[in-house]
Amino acid sequence: MSYQLNWDMDSVFTGGSQSSELRTKIETLKEQIEQFHQTVELWDPEVDRLNYNHLKEVLNLSEKIGNSLSEAMTFSRGLLSANVRDKNAAKLTNELSTLYSSLSNSTTVLTKKYVGIDDADWADLLEIEPFNASAFPLNEQREQGKKLLSQNEEAVINALTNDGFKGWGDLYNSLVATVQVDFENKDGKVNSYSAGQAANLMGSAKDPETRQKMLEKWELAWASKSSLFADTLNHLAGFRLENYKLHGTEDFMARPLEYNRLKKETLDIMWDTITKNKPKVVEYLNRKAQLMGIEKLSWVDVTAPVSVGDFEPRHYSYDEAAEFIMENFSSFSNQMQKLAKTAFEDSWIEAEYRDGKRPGGYCANLPESEQSRIFMTFSGSAGNVSTLAHELGHAFHSYVMRDLPVMNRRYAMNVAETASTFAELVISDATVREASSEAEKINLLDSKNARAATMFMNIHSRYLFETAFYEERKNGIVTDDRLSELMVDAQKEAYQDSLSTYHPTFWASKLHFYNTGVPFYNFPYTFGFLFSLGIYARSLEEGSGFEEKYIALLRDTASMTTEALAQKHLNVDLTQPDFWQSAIDMVHADIDEYLELTAKYI
Ligand SMILES: [Zn+2]
């Protein structure tokens, strides 16, 4: 069997970014959105309460629009990713984003009407089909609606958000584009690099001394513009705090937790359990330092590759990767294997290594075709195979939810990576198992452990920093010097003082602090990683009988709180340490194996 390296987009809409089929679709969408707007405006819950037929029509239309928009967006964004110079695709993507935002005004009107219904009538409504199936997202929408200000006030805030909030996020990107990092070449000549180029060079530098020198220059580059970055960060946080206050809360964690459908207790116990287990991770970091011939790791060494000898890393052809993934999926779930087979055979994947593609990988849903599309660049490394498995995990998540209402498919960031991380764990374990030499095995285990260290230490430092920063920001502007101080304090605490050098201006160099979409763009990573690891541990325990339970869990990821999800499908209480510990034990097992295998090389 030989699989196609390019995806099939023509079966979605023919004609690429000039597609007349897509043009027709967009025109229909515009009419439907207008119709949606009117249907929402005309809806009078008092009059409709006999059978709620009018509301059924509203939700039907919203379902249709939601599916069509995703279908069109996956197509146009896909064309743009596969060819960044496709200007038509860029225009289409932009046009579709505008349609998304015009939809949100009508959604606010609808939400306000939900709030206006009294509790008893609302409870009755949720008993009726099809609303009963979406009781959770509908309740959630109504509860959040209670905090909304008047329709006009919300419209004013929305209008001001573009320049007053999102504009600072755009400014960040413009500032990053001006950052120049000066690295010295081997021959002593100094070259100037963009931030992206410099990050790549630093990540691929072979020896610790070179990396350390690069880190110093990197730090200097960000520090030279720190007051501009500090202004940007302060205004972003200031806008958020003021917006929260207008909506009745001074608690800056309320929104991020609500967004992730998570209790504060759960988040606290997760970090507490991680912190109790950090000495083992520090042991790993110290061993890694010994293998590199240095006393302590520096900030840049944590994720740098380590090797104990010469080995030829295994190279996979695309077909070999496909077979490897399908074979290993099948030992966990036949349905996962079948879905992967469909994805390879029906050309859902764009994997070709060529110029003009955007970097990175993702998976996007085609709800009308009941398919997905996966974007990545495959060059044959074990890491590529893991990425491919990761994206297929996302496709599997969409697949098992394909028949649910749109509302019940909107899972939050903390559980969004459940299926993908699970699939990746299956594959990265298999690559370690099949390593052809001890040196290769150590290398693969090291990258697994480095990832865990990033989740436990690096992401923790971001969470600690943001918590401290938002607290101080309540009382006014926080200066650049103070930001760096808070950052280093957070890093030392998170890494338990195990590094030789830290990264004080990390608050400027890390894009995630400037994300205007989701606040506290950090803890959901660690949460998702451990949540998947816990599920993976459970699947190893229960064997093939776990498949049905796993699918049932995935189907419910947008239909209840995270705690309820874990209680219902795993029978665990996330506010207690046990589940977290069982997940962390999996990491400990990898670290123990690493310590044992590397003992003779120090
Ligand atoms: Zn992912």
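Order of appearance sets the numbers: ligands from 1, and atoms from 1 within every ligand. As a basis for the values below, the full set of heavy atoms in this structure was taken, side chains included, without hydrogen atoms, waters or symmetry mates. Here the structure is a predicted model, which is why all the values come from computation and not from measurement.
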Do other residues, nucleotides or ligands put more than 12 heavy atoms under 6.0 Å from Phe332 CZ?
yes

Check the side chains of Asn6 and Ser347 for a donor-acceptor pair under 3.5 angstrom, ignoring hydrogens and angles.
no

Distance below 2.8 Å from the Zn ion (ligand 1): protein N/O/S atoms:
His390 NE2, His394 NE2, Glu417 OE1, Glu417 OE2

Hey, are Lys357 and Glu352 close enough for a salt bridge, meaning a charged N less than 4.0 Å from a carboxylate O?
no

Inspect the surroundings of CZ in Arg85 and state if more than 12 heavy atoms from other residues, nucleotides or ligands are less than 6.0 Å away.
no

Please tell me whether Ser532 and Glu417 have a donor and an acceptor in their side chains that are separated by less than 3.5 angstrom.
no

Residue Asp355 excluded, over 12 heavy atoms near CG under 6.0 Å:
no

